[in-house]
S.K.: 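Dropping the structure in here first, questions after.
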Amino acid sequence: MKNVPKKTKSGVDLDMIHVKGARTHNLKDIDVSIPRGQMTVISGLSGSGKSSLAFDTIFAEGQRRYMESLSSYARQFLKQMQKPDVDEITGLSPAISIDQKSRSNNPRSTVATITEIYDYLRILYARVGKPHCLTCDREIKRLSKEEIVDTIHTIINSIDKKELKDKKEIMGVHVDSETFKIYAPVVIGRKGEYYQMLYDYLGKGFEEVRIDGKAHKLREKIELAKTKKHDIDILIDQFYISEINEPSQSFNERLNDSIERALREGDGLLRIYTDKEEHLISSKFMCPYDGFSFPEIEPRLFSFNSPYGACPECNGLGTDSFFTNRICKVCDGARLRPEALKVYMPGKTNVINFTNLTIHDAIDYILSLELSVTDKAISTVMIKEILSRLEFMQEVGLEYLQLNRRAHTLSGGESQRIRLASQLGSGLVGALYVLDEPTIGLHQRDNDKLIKTLIQLKDMGNTVIVVEHDEDTILASDYLIDIGPRAGINGGNVVVQGYLKDLLRDPIKSLPINKKHADPDSFTGSLTLDYLRGAHEVEVPKVRRSQDKGFIKIAGGKANNIKNLNVELPLGRLVTVTGVSGSGKSTFVYEILYKNLLGKLDREHRTSQIYNCTTFTGTDYVGRTIMIDQSPIGRTPRSNPATYTGAFTHIRDLFAETIEAKSRAWGPGRFSFNVKGGRCENCQGNGSIEVEMHFLPTVYVQCDICNGKRFMKETLEIMYKNKNIHDILTMTVDEAVLFFDEMPQIYDRVRTLQEVGLGYLELGQSATTLSGGEAQRVKIASELYKPHVQKTIYILDEPTVGLHYHDVRKLIEILQRLVQAGNTVVVIEHNMDLIKCSDYIIDIGPEGGDKGGQLIAKGTPEEVANNKNSFTGHYLKKVL
């Protein structure tokens, strides 16, 4: 008997998530079914609509519904969410997104804080850490009442007897007129008037109080400023010093009673005043050797965000002030008060020492801890939580990160994997996790570890949806949804969907759902399945470039984990810099290679200084250097591919040259939406108007004057080949290539955009809507059309991020063209298809962090593949 799908009384299928009529962005009214409790990969070419389905439709609706289930009071503090453009989604669970863009930019956030390891560390140190005296560094333990009496004796006996006043006789007993008083600290450094509290103490029979160091009678009128912090001590008793030197039984009983009363009223604290000095004594923690009292050891003592734990000199900043970078002299940059740094775990390890450890070393430390039976029982839960998070991060290849590494310095891939660690630690069941290419930044060696954690997340009872191009991750999934067939307006359809085993085995099931959704260049109709089956592949070049065009020679490279690197980088070739995550690739390329190239070649940065190495030579053969990263091509929505590549300037010139424009004496500026003249002034050329909704989210509505066209009606009357300036900006790159085929200045620029796989983009598409990979390819395109560019070193950092197999193939062709034109291309990369197509490899390792930073292998891909010490070589051998 076949398994019958579980359904609710209303007929909802409990085994599947059903999406009907999804139209977000370029999705074309698609229907999709996703099995619950399984791992589903959504694949497709870059820009095909994968993220629109996974994040902007499924995750957005899951999160919105969860928010709506909260009370109206709770919702007022949360961002209002709009319903995605979809007819219906059934079977949804509360959704959690783990994407590339969600890393924290808070400079206080670290690896330890965002994984909650630091929260557990604070509790661990508060409960089983051993406080030590700031003066003598001896361990401090809680004082009993007897030890407090002995401490008082020690304090009084230390007073120089010569300084005592003359003795006098009272009722036949010789006494010193010198006294000591016992106070109970009832307020320490808190704001308030305390009128009622002081009145209550008067009612209890107390007569004297010491406020901010000054004595007052409680029957006096005492007025305190409620905005200032105050210290208030209640007088419990006072004694003649001679009484403690010659104690009687009645004195001892009275002293004991006074100590008990002071500790009770002062919540474990009492203060001793003599005419010369004062001492704070704690029944909790105090050094019996020099009287140093420790504050109450609470978790907040180890937080630099709390006034209780922050360094009093720099207020937890680590620097002298907001405006300087000078390290604080009191805490030496640790940001915690001195007492917090004197609480040790075994090995005299304070909480800052612990967070200075790498994840790998922290695991070793935790596993080697030797604790007493009592401390072990107390710390079991905390250690289990800390260890589980540390071990997860080690499993996904992050063992090289220090726990105090600032969150905003992490790459998108590192940040995503760290957030995955905190989610696994939460132990949620029945949730929907949506991930965006979690393999980004991972060496092939670490892929298997990450895949195991995704499967673990699934096996806990969750539904996992992954937007991914990595072959290993796709093959480890249960279900595949391929979106396409191409990108942009040519995408947005479901090409195939089904259980992966069936799609790979059964030719019938792998056929496109609709013939018109098939890719014309594909054997099965799905390019993804073609590459998975081996019908399409990225071919290894038949010949490697080996001609000698000079070398950049680096000696004594030293930065971060790179200690003494000597390497030669050949010019006129496609060079890949490889190695496991954290091995030192980015440090080598950014801190040594690029910095020195800028210093030698760039007019603004030119200097005789050599950065992070002993010698840097060979730049005589190079004319300039360009960094092509994944940062946005513009900071405002006004930037777009047409403006960035310079095509828009020539387009505006074309319109200004028309007979109609000349008759009106209009120049190119008339056709710009950035300046007054031809643009719609109602929306200032934006096409939409921002409407402030106060406690609701800001709404952007289409300008009702220009109807979103950005220009005045009169400007739009000017036509070039029956199209106005708005029509041109809404053209796709593919359309523009055909339209401007007789205009070289524009054609060359848009043609290169098409060649890098961006034919689906609109010329006027806002830069803020482009992904990092798309922005990077726009930059590459802008270099391709520049004439007579040679002897340039182009530096790229993982340009394959976010690219489908087919797009990687195109990218490799473009990079080869740049090299063919006489340039050098240096790429930091993990993608084996790009690495196998390079002319030369510089492999750094062997591991990440302190165990990396060495040159492990160099040479052609074949030479590196035969190097037994190279992890890259091991995987390279499989694809050559």
Side-chain angles (χ1 to χ4, degrees), residues 97-118 355-363 389-425 433 435-454 457 466-470 473 560-562 577-591 629-631 771-773 797-802 828-831 844-845 847-853 871:
S97 162
I98 305 178
D99 60 20
Q100 302 289 333
K101 301 171 186 174
S102 50
R103 70 182 178 196
S104 171
N105 288 320
N106 184 346
R108 291 178 182 267
S109 293
T110 63
V111 170
T113 60
I114 57 183
T115 54
E116 299 171 353
I117 286 173
Y118 196 71
T355 56
N356 284 338
L357 296 174
T358 63
I359 288 163
H360 177 268
D361 292 341
I363 291 173
R389 286 163 170 77
L390 290 172
E391 287 175 340
F392 171 80
M393 287 190 285
Q394 180 168 260
E395 285 170 9
V396 294
L398 295 175
E399 69 280 350
Y400 58 90
L401 289 180
Q402 286 182 294
L403 287 169
N404 63 0
R405 172 82 171 265
R406 300 291 174 90
H408 66 274
T409 67
L410 297 170
S411 69
E414 287 171 336
S415 176
Q416 187 171 214
R417 279 175 275 152
I418 285 170
R419 288 191 64 225
L420 197 53
S422 62
Q423 288 299 333
L424 272 178
Y433 287 93
L435 294 93
D436 185 11
E437 293 193 70
T439 59
I440 284 177
L442 264 188
H443 190 274
Q444 207 74 17
R445 185 196 70 167
D446 300 316
N447 263 10
D448 292 342
K449 298 176 182 177
L450 176 67
I451 291 166
K452 283 178 185 175
T453 62
L454 294 177
L457 201 61
V466 187
V467 174
E468 189 56 272
H469 297 291
D470 176 68
T473 310
N560 297 333
N561 66 335
I562 291 177
V577 180
T578 63
V580 300
S581 305
S583 60
K585 304 183 298 298
S586 297
T587 296
F588 166 66
V589 171
Y590 282 90
E591 301 301 321
D629 58 17
Q630 296 205 2
S631 60
S771 68
D797 191 350
E798 291 197 69
T800 60
V801 165
I828 300 172
E829 195 52 81
H830 290 294
N831 183 285
I844 297 176
E847 297 287 346
D850 291 339
K851 296 178 181 176
F871 287 118

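Just so we're clear, the structure is a prediction, and the values are computed from it rather than from any experiment.
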S.K.: Grab the two heavy atoms, one from Ser631 and one from Asp629, that are nearest each other, plus how far apart they are.
M.R.: OG-OD1, 2.7 Å

S.K.: If only atom types and distance count, is the side chain of Lys585 paired as donor or acceptor with the main-chain N or O of Thr578 below 3.5 Å?
M.R.: no

S.K.: Check whether Ser581 reaches the backbone of Gly441 with its side chain - one donor and one acceptor, N or O, closer than 3.5 Å.
M.R.: yes

S.K.: Taking C-beta and beyond as the side chain, do Ile98 and Asp436 meet within less than 4.5 Å on heavy atoms?
M.R.: no

S.K.: Which is it for Leu420 and Tyr433 under the side chain to side chain contact (heavy atoms under 4.5 Å, CB included) test, yes or no, and what are the steps along the way?
M.R.: CA-CA 10 Å; Leu420 197 53; Tyr433 287 93; 5.5 Å; no

S.K.: Does the side chain of Leu401 reach to within under 4.5 Å of the side chain of Ile418, using non-hydrogen atoms?
M.R.: yes

S.K.: Are the side chains of Glu399 and Glu847 in contact, using a 4.5 Å heavy-atom criterion?
M.R.: yes

S.K.: CZ/Phe588 to CG/Asn560 distance, rounded to the nearest 0.5 angstrom?
M.R.: 14.0 Å

S.K.: How many angstroms lie between atom OG of Ser586 and atom CD1 of Ile844, to the nearest 0.5 angstrom?
M.R.: 9.5 Å

S.K.: Measuring from atom CG of Asn404 to atom CG of Leu357, what distance do you get when rounded to the nearest 0.5 angstrom?
M.R.: 9.0 Å

S.K.: Do Tyr118 and Thr110 have side chains that approach each other closer than 4.5 Å (heavy atoms only, starting at C-beta)?
M.R.: no

S.K.: Using the test side chain to side chain contact (heavy atoms under 4.5 Å, CB included), find all partners of Glu798 that sit at least two apart in sequence or belong to another chain.
M.R.: Val801, Glu829, His830

S.K.: Can you name the closest pair of heavy atoms from Gly845 and Ser583 and give their distance?
M.R.: CA-CB, 3.9 Å

S.K.: Looking only at heavy atoms, what is the nearest atom pair of Leu454 and Pro438, with distance?
M.R.: CD1-CG, 4.2 Å

S.K.: Could you walk me through whether Glu437 and His469 pass the side chain to side chain contact (heavy atoms under 4.5 Å, CB included) test, one step at a time?
M.R.: CA-CA 7 Å; Glu437 293 193 70; His469 297 291; 3.5 Å; yes

S.K.: Enter the distance from Ile440:CD1 to Asn831:CG here, rounded to the nearest 0.5 Å.
M.R.: 11.5 Å

S.K.: Is there a donor-acceptor contact under 3.5 Å from the side chain of Arg405 to the main chain of Asn356?
M.R.: no

S.K.: OG1 of Thr587 to CD1 of Ile828: how many Å apart, nearest 0.5 Å?
M.R.: 9.0 Å

S.K.: Does the pair Thr439 and Asp470 meet the rule for a side-chain hydrogen bond (donor to acceptor under 3.5 Å, both in side chains), with working shown?
M.R.: CA-CA 7 Å; Thr439 59; Asp470 176 68; 4.7 Å; no

S.K.: Please determine whether side-chain hydrogen bond (donor to acceptor under 3.5 Å, both in side chains) holds for the pair Tyr400 and Asn561, giving the CA-CA distance in whole Å, both sets of side-chain angles, and the decisive distance to 0.1 Å.
M.R.: CA-CA 10 Å; Tyr400 58 90; Asn561 66 335; over 6 Å; no

S.K.: Check Ala362 against Leu390 and note the closest heavy-atom contact, atom names and distance.
M.R.: CB-CD1, 3.9 Å

S.K.: Just wondering, are more than 12 heavy atoms of other shown residues or ligands nearer than 6.0 Å to CG in Asp361?
M.R.: yes

S.K.: Could you tell me whether the side chain of Arg389 reaches within less than 4.5 Å of the side chain of Glu116, counting heavy atoms only?
M.R.: yes

S.K.: Arg417 side chain to Val396 main-chain N or O, any donor-acceptor pair under 3.5 Å?
M.R.: yes

S.K.: So among Val111, Ile363, Thr453, which one has a side-chain contact (heavy atoms from CB on, under 4.5 Å) with Met393?
M.R.: Val111

S.K.: If you round to the nearest 0.5 Å, how far is CG of Leu398 from CD of Glu414?
M.R.: 6.0 Å

S.K.: Does some side-chain heavy atom of Lys851 sit less than 4.5 Å from a side-chain heavy atom of His360?
M.R.: yes

S.K.: Can you find a pair of side-chain heavy atoms, one from Tyr590 and one from Asp797, that are under 4.5 Å apart?
M.R.: yes

